[in-house]
Amino acid sequence: MNQDRTAGTLRRLPVQKRSAERFERLLDACAELLDEVGYAALTTKEVARRAGVPIGTLYQFFSDREGLISALAARNLEAFLGRVAARLEREAPDGISGMVDVTVDEFVAMRRTITGFGVVDFGAAGQDHILEPLLDNNTAVAGRLRSLTASLTGVQDDADLEIAVRVALECADSVLKLAFRTDPQGDPQLIAECKQVLNSYLNGRLR
């Protein structure tokens, strides 16, 4: 069933330092509780209590629980893209294969180390429009990855790149989910297979 696309809105972003600190504490508390109790049992009341802020403060920023999850997913995505871009700039890997390895490695590293990431990475089960109200989560992520790929490789950002990145992301999403279902730390063989699939496909599509 499609979820209500008007739910999960961010009421406002913090401006002052104190507000920004509370905002981040709420997201940190949300991530901790996701690991402890799961998505279904998460409540805004418990998030506020864990963060040490009044429930009214939470609702100053977030319209509801889905708004909180949306902000966490957005923070995760920005962190992921930042890590990928920084490593690519630092290491300057060769070609598409190098980009694939870095991108998969950074996702795996975040899945292993970032609190709550295994429950909410860039989206949540049953919430298909967490990042953008008019785009499903994978389409939104693919758009950001497409822009990053174009800027770092010089590949033309056109319809061909759009479909290639979208297909690659869907493949990676499925195989990496399987890898972490098989092994809580990510099955190494399946992670390697994910890279192989992406390299074979993208090297044939992006020239």
Side-chain angles (χ1 to χ4, degrees), residues 27-28 31 34-35 69-125 127-128 130-132 135-207:
L27 294 185
D28 290 342
L34 285 169
D35 273 351
I69 294 296
S70 177
L72 179 62
R75 185 176 76 168
N76 287 340
L77 179 57
E78 294 304 322
F80 170 69
L81 293 170
R83 289 171 64 132
V84 170
R87 186 171 163 191
L88 289 172
E89 183 176 350
R90 183 173 65 250
E91 299 179 8
D94 186 35
I96 295 298
S97 297
M99 289 192 65
V100 165
D101 288 350
V102 166
T103 303
V104 173
D105 285 346
E106 289 304 319
F107 180 88
V108 169
M110 289 185 71
R111 178 67 188 265
R112 289 171 174 168
T113 62
I114 301 298
T115 304
F117 197 78
V119 183
V120 172
D121 45 27
F122 315 131
Q127 296 291 333
D128 296 330
I130 285 291
L131 295 168
E132 298 284 347
L135 298 176
D136 66 85
N137 298 328
N138 277 0
T139 298
V141 174
R144 298 293 301 278
L145 286 173
R146 187 184 80 237
S147 297
L148 181 62
T149 301
S151 66
L152 292 174
T153 66
V155 173
Q156 187 173 353
D157 190 355
D158 56 15
D160 286 342
L161 181 61
E162 180 180 7
I163 190 66
V165 173
R166 180 61 196 275
V167 169
L169 179 63
E170 292 292 341
C171 292
D173 188 35
S174 295
V175 178
L176 290 174
K177 282 178 179 176
L178 175 62
F180 282 93
R181 284 201 306 271
T182 304
D183 180 341
Q185 289 298 305
D187 181 89
Q189 184 176 2
L190 288 170
I191 292 169
E193 288 295 308
C194 178
K195 292 179 180 180
Q196 179 63 39
V197 168
L198 297 182
N199 282 325
S200 297
Y201 172 66
L202 289 174
N203 276 306
R205 291 284 281 110
L206 305 180
R207 296 186 182 278

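Residue numbers start at 1 and run along the sequence shown.
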What I'd like to find out is whether the side chain of Val167 reaches to under 4.5 Å of the side chain of Arg205, using heavy atoms alone. no
Give, for atom CE of Met99 and atom CG of Leu198, the distance between the pair rounded to the nearest 0.5 Å. 12.0 Å
Are the side chains of Leu190 and Phe180 in touch, meaning some heavy atoms are under 4.5 Å apart? no
Donor-acceptor pair, side chain of Ser200 and main chain of Val197, under 3.5 angstrom: no
Here the gap from Leu176 atom CG to Arg111 atom CZ, rounded to the nearest 0.5 Å, amounts to 9.0 Å
Shortest non-hydrogen contact between Val102 and Pro93, atoms and distance: CG2-CG, 4.2 Å
Any salt bridge between Glu162 and Arg166, counting N to O under 4.0 Å? no
Residues Cys194 and Val104: closest non-hydrogen pair is SG-CG2, 4.4 Å
Please examine the side chains of Leu81 and Leu145, heavy atoms only from C-beta on, and report whether any two atoms are closer than 4.5 Å. yes
Which pair of heavy atoms, one from Val120 and one from Ala73, lies closest together, and at what distance? CG1-CB, 4.0 Å
Quick check for you: to the nearest 0.5 Å, what is the distance between Glu91 atom CD and Asp101 atom CG? 10.0 Å
Smallest heavy-atom separation, Gly98 atom then Leu88 atom, equals O-CD2, 4.4 Å
So does Lys195 get a backbone contact from the side chain of Asn199, meaning a donor-acceptor N/O pair under 3.5 Å? yes
In terms of relative ring orientation, are Phe80 and Phe122 parallel, tilted or perpendicular, with 30° and 60° separating the classes? tilted
If you apply the rule side chain to side chain contact (heavy atoms under 4.5 Å, CB included), what do you find for Glu132 with Thr139, and how did you get there? CA-CA 9 Å; Glu132 298 284 347; Thr139 298; over 6 Å; no
Under the side chain to side chain contact (heavy atoms under 4.5 Å, CB included) test against Thr115, which residue among Asp35, Leu34, Asp28 passes? Asp35
Search all heavy atoms of Val165 against all heavy atoms of Ala142 and return the closest pair with its distance. CG1-O, 3.6 Å
Mind checking the CD1-CZ spacing from Ile163 to Arg146? Nearest 0.5 Å is all I need. 11.0 Å
Within 6.0 angstrom of Asp158 CG, more than 12 heavy atoms from elsewhere: yes
Calculate, to the nearest 0.5 Å, the distance between atoms CG and CD1 belonging to Asp183 and Ile191 respectively. 8.0 Å
Side chain to side chain contact (heavy atoms under 4.5 Å, CB included) for Thr182 and Gln189? Distances and angles first, verdict last. CA-CA 10 Å; Thr182 304; Gln189 184 176 2; over 6 Å; no
Strictly distance-based, threshold 3.5 Å: is any side-chain N or O of Asn76 a donor or acceptor partner for the main-chain N or O of Ala79? no
Look up atom CG in Leu178 and atom CG in Asp187, then write down how far apart they are to the nearest 0.5 Å. 8.0 Å
Check the pair Arg144 / Leu148 against side chain to side chain contact (heavy atoms under 4.5 Å, CB included), numbers first and verdict last. CA-CA 6 Å; Arg144 298 293 301 278; Leu148 181 62; over 6 Å; no
Any idea which heavy atoms bring Ser70 and Ile130 closest together, and the distance? OG-O, 2.6 Å
Give a yes or no on whether a salt bridge exists between Lys177 and Asp121, defined as a side-chain N under 4.0 angstrom from a carboxylate O. no
